[in-house]
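Treat the numbers as computed from the prediction; the structure is a model and nothing was measured.
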Amino acid sequence: MNKINNQMKNVNTKEDFLKLLAILIDDLKSNDWDNNTLESYLSGVEGWVDDMDGYFANIKDDKTLEKLNNNELDWKILAHIFVASTVYE
């Protein structure tokens, strides 16, 4: 998970996000995710997107909260959604 988290922190561009997706695919092949079916993963996406404002408020990431409040989505936010959804219920 360290490799995933390190890449997630460095996602700023489409290319960075694609690298993260490749790492996630490799990780899924070799590890047992909490949300290891498409249904559970999409449920995790739904739950995380519904609750992520609270996460970013708790870590005091005002820049991301402002983007969310303005309905702006960037590559880093998308990266958080994809990574958090591997375990979020």
Side-chain angles (χ1 to χ4, degrees):
M1 197 57 120
N2 286 337
K3 187 175 182 181
I4 293 170
N5 287 329
N6 289 338
Q7 180 62 33
M8 182 180 65
K9 291 176 187 175
N10 293 314
V11 169
N12 293 302
T13 65
K14 176 182 173 181
E15 291 75 22
D16 296 336
F17 182 74
L18 291 172
K19 288 178 191 174
L20 174 67
L21 287 181
I23 292 169
L24 284 170
I25 290 166
D26 286 343
D27 190 70
L28 177 60
K29 290 177 184 176
S30 59
N31 291 301
D32 189 26
W33 287 2
D34 290 346
N35 294 330
N36 60 359
T37 67
L38 181 57
E39 181 180 7
S40 64
Y41 185 79
L42 291 175
S43 179
V45 169
E46 178 184 40
W48 174 255
V49 169
D50 189 41
D51 294 342
M52 69 181 170
D53 299 39
Y55 168 78
F56 290 112
N58 285 338
I59 65 168
K60 301 188 184 335
D61 187 342
D62 296 330
K63 183 178 175 182
T64 300
L65 278 173
E66 184 178 341
K67 287 179 182 181
L68 294 174
N69 289 333
N70 292 326
N71 288 316
E72 298 172 8
L73 185 67
D74 63 21
W75 295 112
K76 188 171 290 294
I77 295 170
L78 192 57
H80 276 278
I81 292 168
F82 273 66
V83 172
S85 299
T86 65
V87 295
Y88 202 82
E89 295 181 10

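Residues D34 and S40 share a closest heavy-atom pair of O-OG, 4.5 Å.
Looking at heavy atoms from C-beta onward, V11 lies out of side-chain contact with L78 at the 4.5 angstrom threshold. Here the side chains of T64 and I59 are not in contact, with every heavy-atom distance at 4.5 Å or above.
The line from CG of N31 to OG1 of T86 is 10.0 Å long, rounded to the nearest 0.5 Å. In this structure, CD1 on I4 lies 10.0 Å from CG on N6, to the nearest 0.5 angstrom. Separation of atoms CG (L18) and CD (Q7) is listed at 10.0 Å; rounding is to 0.5 Å. Note: K3 NZ to L24 CG = 11.0 Å, rounded to the nearest 0.5 Å. We find the NZ-NZ distance between K19 and K14 to be 14.0 Å, quoted to the nearest 0.5 Å. Taking CG of L68 as the reference point, atom CD1 of I77 lies at 4.5 Å (rounded to 0.5 Å).
Listed for the D27 side chain is no donor-acceptor partner under 3.5 Å among the backbone atoms of I23.
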Please output the side-chain donor-acceptor pairs of residues 43-56 that fall under 3.5 Å, not counting sequence neighbours, one pair per line with the distance.
from, atom 1, to, atom 2, distance (Å)
D51, OD2, Y88, OH, 2.5

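L38 belongs to a hydrophobic cluster whose remaining members, ordered by chain and number, are L42; membership requires side-chain heavy atoms of ILVMFWY residues under 4.5 Å apart, directly or through intermediates.
A donor-acceptor contact closer than 3.5 angstrom links the side chains of N36 and D32.
Applying the salt bridge (charged side-chain N to carboxylate O under 4.0 Å, His left out) rule to pairs touching residues 64-86 yields K67-D74, sequence neighbours excluded.
Using the six-membered ring where Trp is involved, F17 and F82 have ring planes that are perpendicular, over 60° apart on the 30 and 60° scheme.
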